[in-house]
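For reference, the structure discussed in these notes is given below.
Note that this is a predicted model, so its numbers are computed, not measured. In what follows, every chain begins at residue 1, and chains take the letters A, B, ... in the order their sequences are listed.
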2 protein chains.
Amino acid sequence: MKRNTWQREAVKTALSERGDFVSAQRLHADLKQAGSTIGLATVYRTLTDLVSADEADALQSPDGENLYRACSSEGHHHHLICRNCGHTEEISAEAVEAWAATVAAEHGFTQPRHVVDVFGLCATCSAATSA
Amino acid sequence: MKRNTWQREAVKTALSERGDFVSAQRLHADLKQAGSTIGLATVYRTLTDLVSADEADALQSPDGENLYRACSSEGHHHHLICRNCGHTEEISAEAVEAWAATVAAEHGFTQPRHVVDVFGLCATCSAATSA
DNA sequence: TCCTTATTGATAATGATTGTCAATATGGAT
DNA sequence: ATCCATATTGACAATCATTATCAATAAGGA
């Protein structure tokens, strides 16, 4: 029986105000710098709950650290992420859904699920790199 | 300047004899049980080197732990992995390559790279589950 | 054979994440 | 408004995969 607490609300708001993926550590540091007394464990718990409630997405960084981002659209989607600045855009992936289902079936696999993330340099960072 | 050592050879062989993804911890435990004195740090180092040399693939488990698998085919490929038994098959993914490139370009992203893995229940496990 | 230096392995260190538990707060009943 | 059951918090401890440290050892070339 989940209860609403001011801490959960604060974490949720902090995450929503960020458009990009962010780690629990980072989010906690930001909240702390803004004067919040919320504990790190609470940040982790809240983020985990948001993911379970399909209100946020989780992603593993190359380092193995979990990153979180508030969902800006409902339903199944994927991410296009700038590996320089972190800017993230949500993308639909019907083509990949179909492909994954087909490939799985061809190999006799059932209950297919897929992990698909696209990284690159966003327009802004691409332009900066060229200069 | 990498040198060939009997330890590296042993780790490489152990990995090759496994067709599925395996963690460094697991591989180390197996080697130890088989009487080997190779240290855990050496297993990690060797696996990391194999990945750098494109002789092995790395994958992050949902737990955040890194898993490794010897490459059985050259060049770019992806994996179809049974989340029950770990059985793994390599699959090409031209369709996804194309999709990723197109999506990235549509959003102004350059230097696109993607992470694509498909999980499901392999034929054997699917059959076992149905029984 | 000797020598340079890469590598090893036991152990320590690191850092993200989760567990613990007394204290606190939520939300519903009265 | 008060009371109560219990969910939640947060400081700190625990966990665990991974990497760093460094004396000892080994590879590879002269």
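In this entry the distance linking CH2 of B:Trp6 with C1' of C:dA6 reads 16 Å, nearest Å. Here D:dA26 presents its P atom at 14 Å from CD1 of B:Ile38, a figure rounded to the nearest Å. The interatomic distance linking B:Glu9 (CD) with C:dA6 (P) rounds to 21 Å, in whole Å. The nearest whole Å value for the distance from the CD atom in A:Glu65 to the P atom in D:dT18 is 15 Å. With rounding to whole Å, B:Arg26 atom CZ is found 18 Å from D:dT18 atom C1'. B:Leu27 places its CG atom 12 Å from the P atom of D:dT18, with the value rounded to the nearest Å. One atom, CG of B:Leu47, and another, P of D:dT19, lie 10 Å apart when rounded to the nearest Å. Going from atom CG of A:Leu31 over to atom C1' of D:dG10 covers 14 Å, rounded to whole Å.
DNA chain D is contacted by both B:Thr48 and A:Gly39; A:Gly39 maps to the nucleotide lying nearer its 5′ end (nearest heavy atom per residue).
Taking every side-chain heavy atom of B:Arg3 into account, C:dT5 is the closest of D:dT19, D:dT8, C:dT5. Closest to the side chain of B:Ala24, from the set D:dT18, C:dT8, D:dA27, is D:dT18. Closest to the side chain of A:Ala41, out of C:dT8, D:dA20, D:dA11, is D:dA11. Out of D:dT9, C:dA16, D:dA17, the shortest distance to the side chain of A:Arg45 is found at D:dT9.
The shortest distance between side-chain heavy atoms of B:Phe119 and B:Asn84 does not fall below 4.5 Å. Side-chain atoms of A:Gln60 and A:Leu67, non-hydrogen and from C-beta on, never get closer than 4.5 Å to each other.
Counting any heavy atom pair closer than 4.0 Å across all strands shown, B:Thr37 reaches sugar-phosphate atoms only and no base atom. Looking at heavy-atom distances under 4.0 Å, A:Leu40 makes contact with a base. Heavy atoms of A:Arg8 sit under 4.0 angstrom from primed sugar atoms or phosphate atoms, though from no base atom. Looking at heavy-atom distances under 4.0 Å, A:Asn66 makes contact with sugar-phosphate atoms alone, never a base. A:Asn4 comes within 4.0 angstrom of the backbone, heavy atoms only, and of no base.
Tested against B:Val11 for a side chain to side chain contact (heavy atoms under 4.5 Å, CB included), the candidates B:Thr5, B:Asp49, B:Leu31 yield a single pass: B:Leu31.
A:Thr5 has no side-chain polar atom (N or O) that falls below the 4.0 Å cut-off from OP1 or OP2 of C:dA25. Within the structure, every side-chain polar atom (N or O) of A:Tyr44 is placed at least 4.0 Å from both OP1 and OP2 of C:dT18. For A:Gln7 and D:dT8, the shortest distance from a side-chain N or O to OP1 or OP2 is not below 4.0 Å. For C:dG15, neither phosphate oxygen OP1 nor OP2 lies less than 4.0 angstrom from any side-chain nitrogen or oxygen of A:Gln25.
Taking the six-membered ring for Trp, B:His79 and B:Phe21 have ring centres closer than 6.0 Å.
Between B:Phe109 and A:His87, the ring-plane angle classifies as parallel under the 30° and 60° cut-offs.
In terms of modelled atom types and a separation under 3.5 Å, the side chain of A:Ser36 and the main chain of A:Lys32 share no donor-acceptor contact.
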